[in-house]
Every structure is written in C-alpha cells, then in structure tokens.
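Order of the sequence lines sets the chain letters (A, B, ...), proteins ahead of strands, with each chain counted from 1.
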Amino acid sequence: MHGGDPLEPRIIGPGFYARVYAVVRQVPGGWVTTYGDVATLLGSPRVARHVGWALAALRDGADSAGEPVPWHRVINARGRISHRGQTLRASRQYELLARDGVVANHSGAIDLKRHRWDGAGCVVPPP
DNA sequence: GGTTTGACCATAA
DNA sequence: CTTATGGCCAAAC
C-alpha cells in the first residue's frame, strides 16, 4: 500500500469541523475552553490551530447547516481573546462572554483557573 | 507540488 | 508584563 501511518489516524479529515462544533456546543454558559483543550478532546493537542480554523469558518455564529455554535466560549491558553487583528469580532466576543457571566479583568484576560471548562458535563454552576 | 498563511502553544529573553 | 521564535498541520494559492 502507499505510505500512510496506520498507527497515527488522522485527526483532521472529513467531519473535523463538525467535531469541533460538537465539542464547543457542550461548553456550558459561564465556562470557557481553549483551542488546545478542544484539540486535546478531539484526540490531538497538536491541532489547536485547526480548531481556530474551524471556528473561522462559522457564518454569523452558526455552522454551514445553520446550527448555532457558542464560538465565543473558546479563548486561547493564556486566557485572552485571539482576534488576530479583527478587533470588531473581539469586542463582540467580550460582549457575549459578559452575557454568560464571564468577565475579563483589568488587562482584558479571563481567569482560566476560575472559568476553564474541564471537558466533562458541568453539574456545578459556574463561579 | 512548493510556498504562504493561520481565531494556537510553549518557551526564551 | 511584553515581544520573538520555532513547531505544529492542513487549506489556499
């Protein structure tokens, strides 16, 4: 057969975006997660950048099927918003997070120790 | 099919 | 605290 690595299944592939959305949709309001955490839940911590890519493909907060995705609950590992120059989207993200009860501190950072979603079903209400 | 890019991350200075 | 650098891996050109 041609050289593929059967021991290393591709994390990225058809349905990868849908998987990202499925994970993000499980983040409860009041909690946040990181690109790296989503990638880890998908099986590979190395694809964090692609998680961002999947979110970048969203149209007005919804996937191609029109299903909403709480994209604003995904921030970077430093607790900050990754906007890469798109400050308009960043301000909207802060606004949506505030609606969830997640507020940034004086320097625009969110306390991950407080709000980081652990990847399990959170029965405990957010702090 | 090589080069560039990207809503990342860990590390170093 | 900030900025810079290398690594990561798939999509777009």
Side-chain angles (χ1 to χ4, degrees):
Chain A
M1 305 289 272
H2 59 85
D5 283 359
L7 296 181
E8 289 218 5
R10 287 186 183 176
I11 302 304
I12 307 283
F16 174 74
Y17 284 9
R19 280 197 189 180
V20 172
Y21 303 151
V23 170
V24 175
R25 273 195 270 256
Q26 295 191 19
V27 182
W31 297 90
V32 298
T33 189
T34 71
Y35 300 94
D37 284 352
V38 173
T40 299
L41 287 173
L42 290 177
S44 174
R46 306 180 212 279
V47 298
R49 302 186 83 161
H50 295 81
V51 172
W53 236 52
L55 296 183
L58 291 173
R59 280 290 279 189
D60 196 31
D63 61 18
S64 57
E67 290 295 318
V69 177
W71 57 270
H72 61 281
R73 294 177 188 150
V74 185
I75 60 180
N76 66 28
R78 303 161 92 178
R80 314 207 71 174
I81 291 191
S82 297
H83 55 278
R84 192 71 176 189
Q86 302 209 22
T87 56
L88 179 62
R89 196 191 60 67
S91 59
R92 189 186 326 246
Q93 186 163 4
Y94 277 119
E95 184 180 327
L96 291 171
L97 283 172
R99 189 187 299 179
D100 282 348
V102 178
V103 289
N105 64 15
H106 57 82
S107 65
I110 290 163
D111 188 357
L112 279 178
K113 290 187 175 182
R114 227 171 114 92
H115 292 285
R116 193 178 210 166
W117 178 54
D118 60 5
C122 289
V123 186
V124 183

K.L.:
I need the minimum non-hydrogen distance between A:Thr33 and A:Asp37, along with the two atoms involved.
P.N.:
OG1-CB, 3.4 Å
K.L.:
Distances under 3.5 Å between protein N/O atoms and the N/O atoms of nucleotides 6-8 of chain C, please, pair by pair.
P.N.:
unit_1	atom_1	unit_2	atom_2	d
C:dG7	O6	A:Arg49	NH1	3.1
C:dC8	N3	A:Arg49	NH1	3.2

K.L.:
Hey, which of A:Val103, A:Leu97, A:Val102 is the one that makes side chain to side chain contact (heavy atoms under 4.5 Å, CB included) with A:His115?
P.N.:
A:Val102
K.L.:
Quick check for you: name the first and last nucleotides of DNA chain B, 5' to 3', having an atom under 4.0 Å from a heavy atom of chain A.
P.N.:
B:dG6 to B:dA10
K.L.:
Quick one: closest heavy-atom pair of A:Trp117 and A:Gln26, and the distance?
P.N.:
CZ2-O, 3.6 Å
K.L.:
Look at all strands and tell whether A:Ala56 reaches a base, only sugar-phosphate, or nothing, counting heavy atoms closer than 4.0 Å.
P.N.:
base
K.L.:
How long is the span from the OG1 atom in A:Thr87 to the CD1 atom in A:Ile81, to the nearest 0.5 Å?
P.N.:
11.5 Å
K.L.:
For residues A:Leu55 and A:Tyr35, report the shortest heavy-atom separation together with the two atoms involved.
P.N.:
CD1-CE2, 3.9 Å
K.L.:
Considering only residues two or more places apart or on different chains, which pairs with a residue in residues 70-90 of chain A satisfy salt bridge (charged side-chain N to carboxylate O under 4.0 Å, His left out)?
P.N.:
A:Arg73-A:Asp100
K.L.:
Heavy atoms only: give me the nearest A:Ala104-A:Tyr94 pair and the separation to one decimal.
P.N.:
CB-CE2, 3.8 Å
K.L.:
Could you give the distance from CD1 (A:Ile75) to NE2 (A:His83), rounded to the nearest 0.5 Å?
P.N.:
14.0 Å
